[in-house]
Amino acid sequence: MLSTSMDSSNETMVTEFVLEGFSEHPDLQLVLIGCFLTLYMMALLGNIVIIALVTSSTGLHSPMYFFLCNLATMDIVCISSVLPKALVGLISEKNTISFKGCMTQLFFLVWSGSSELLLLTVMAYDRYIAICHPLHYSSRMSPHLCGALAMGVWSICALNASINTGLMTRLSFCGPKVITHFFCEIPPLLLLSCSPTYVNSIMTLVADAFYGGINFILTLLSYGCIIASILRMRSTEGKRKAFSTCSSHLIVVCVFYSSVFCAYISPASSYSPERSKVTSVLYSVLSPTLNPLIYTLRNKDVKLALGRLLPSSSH
């Protein structure tokens, strides 16, 4: 059944977990395979197109599109760390994952998820400068600062993922071994541990407070200033144009934060596997798929760049 090994202290160490996935809904297996495969292909294609357009089109070499390129990269990492394994689980009868595989998946998921939250705050600041201080936009959002912000996001979130994953590897798992989820995630893993999870819970709470709380407040402050600035504009055309530059970002922020809050901002004792699976699909599958559509495919600059790229690729 499950692989275990004995260490020198005679403590049973789990070397494999079983991912419950969607095994409680066998009638939905084919539907879920079709949906997940379609969403994965859409997410990969959409985000790769964004990266290709931003890097190849000089008209898109601005801070807003530079951050979009970073977001697209994060979305690819996020959905690729979750969906391939979920699809294997839906196809195969026995959905096991090694302890090392579980920790690797956890690292990339925490890294990409926290990076997205932090980057959405950076993008909100970018929109704040563009709308509230347009004359100083090019000087404040210099290429050097944008590069430093992007590196900071990736580095801080990699450190956060390393700490959380490192703390998880220190825990003992001696049964039950079934993870009530379709991927390795902190709350269901903590429930399986047979050693104290106090330090892990504190670290998770600190990370939640920073990524979910402080970033959310900073994003709200940025949008408070943006809305106030738009309302002060005299021309209707000016208001419409200003709102259109940040409406896409606002939609993505609402979808992403609502799903993350539902999935994480609750005590481990009130953890609901069913609710967590639904909210996890929202932020780890739907969000990376919808982001390219919401953000850029309805954007004039991107449509123009896409139009220039397609004819040249057809010759």
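Since the model is a prediction, treat every value here as computed from it, not as a measurement. Heads up: numbering here begins at 1 and tracks the sequence.
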Partners meeting side chain to side chain donor-acceptor pair (under 3.5 Å) with Ser80 (sequence neighbours left out): Tyr40
Listed partners of His61 passing side chain to side chain donor-acceptor pair (under 3.5 Å), at least two apart: none
Reported CG-to-CD1 distance for the pair Asp75 and Ile51, which is rounded to 0.5 angstrom: 9.0 Å
Asn95 side, atom CG; Leu19 side, atom CG - distance, nearest 0.5 Å: 5.0 Å
Heavy-atom side-chain proximity of Asn47 to Thr73 below 4.5 angstrom: no
Any residue meeting side chain to side chain contact (heavy atoms under 4.5 Å, CB included) with Lys239, in chain and number order, not counting sequence neighbours: Ile230, Met233
Shortest non-hydrogen contact between Tyr257 and Gly212, atoms and distance: CE2-O, 3.8 Å
Within-4.5 Å side-chain heavy-atom neighbours: Val31 and Phe22: no
Residue list, side chain to side chain contact (heavy atoms under 4.5 Å, CB included) with Leu282, at least two apart or on another chain: Ser259, Leu286
Side chains of Glu116 and Asn291 in contact at under 4.5 Å (non-hydrogen atoms): yes
Just list the side-chain donor-acceptor pairs under 3.5 Å for residues 213-220, sequence neighbours left out, or say none.
from   : atom 1 : to     : atom 2 : distance (Å)
Asn215 : OD1    : Thr121 : OG1    : 2.8
Asn215 : ND2    : Phe210 : O      : 3.0
Thr219 : OG1    : Thr121 : OG1    : 3.4
Thr219 : OG1    : Asn215 : O      : 2.7

Spacing of His249 atom NE2 and Met64 atom CE [to the nearest 0.5 Å]: 11.0 Å
Side-chain touch Leu171/Leu190, heavy atoms, less than 4.5 angstrom: yes
Beyond-backbone contact of Pro143 with Phe66, side-chain heavy atoms, under 4.5 angstrom: no
Spatial distance of atom CD1 (Ile202) from atom OG1 (Thr197) [nearest 0.5 Å]: 10.0 Å
Straight-line distance of Met123 CE to Leu149 CG, nearest 0.5 Å: 12.0 Å
Contacts of type side chain to side chain contact (heavy atoms under 4.5 Å, CB included), residue Ser142, not counting sequence neighbours: His144, Leu145
Phe182 and Val82, any side-chain heavy atoms less than 4.5 Å apart: yes
Side chain to side chain contact (heavy atoms under 4.5 Å, CB included) involving Met41 - partner list, sequence neighbours excluded: Leu44
Closest contact, heavy atoms only, Ile50 versus Ala72: CG2-CB, 4.0 Å
CE-CD1 distance between Met74 and Ile79, expressed to the nearest 0.5 angstrom: 15.5 Å
Any Phe36 side-chain heavy atom under 4.5 Å of Leu90 side chain: yes
Where Phe256 and Leu120 come nearest, the two heavy atoms and their spacing: CD2-CD1, 4.0 Å
Same cluster (ILVMFWY, side-chain, under 4.5 Å), Met151 and Leu118: no
Set of side chain to side chain donor-acceptor pair (under 3.5 Å) partners for Asn160, sequence neighbours left out: Asn164
Where Ala43 and Thr289 come nearest, the two heavy atoms and their spacing: CB-OG1, 3.6 Å
Closest contact, heavy atoms only, Ser284 versus Phe183: OG-CE2, 4.0 Å
Leu159 with Tyr211, same ILVMFWY side-chain cluster at under 4.5 Å: no
Working for side-chain contact (heavy atoms from CB on, under 4.5 Å), residues Met168 and Phe173: CA-CA 10 Å; Met168 195 64 73; Phe173 296 92; 4.1 Å; yes
Atom OH of Tyr223: over 12 foreign heavy atoms under 6.0 Å: yes
Hydrophobic cluster (4.5 angstrom, side-chain heavy atoms) - remaining members for Leu231: Ile227
Would you tabulate the side-chain donor-acceptor contacts of residues 99-113 under 3.5 Å, counting partners in other chains and residues two or more places apart, or write 'none'?
from   : atom 1 : to     : atom 2 : distance (Å)
Thr104 : OG1    : Lys100 : O      : 2.8
Gln105 : OE1    : Cys184 : N      : 2.7
Gln105 : NE2    : Ser81  : O      : 2.8
Trp111 : NE1    : Trp154 : O      : 3.0
Ser112 : OG     : Phe108 : O      : 2.8
Ser112 : OG     : Leu109 : O      : 3.2

Those residues that, when tested against Cys194, pass disulfide (SG to SG under 2.5 Å) (two or more places apart): Cys174
Non-hydrogen side-chain atoms of Lys177 and Leu192 separated by less than 4.5 Å: no
For Ser193, all residues meeting side chain to side chain donor-acceptor pair (under 3.5 Å), sequence neighbours excluded: Ser195
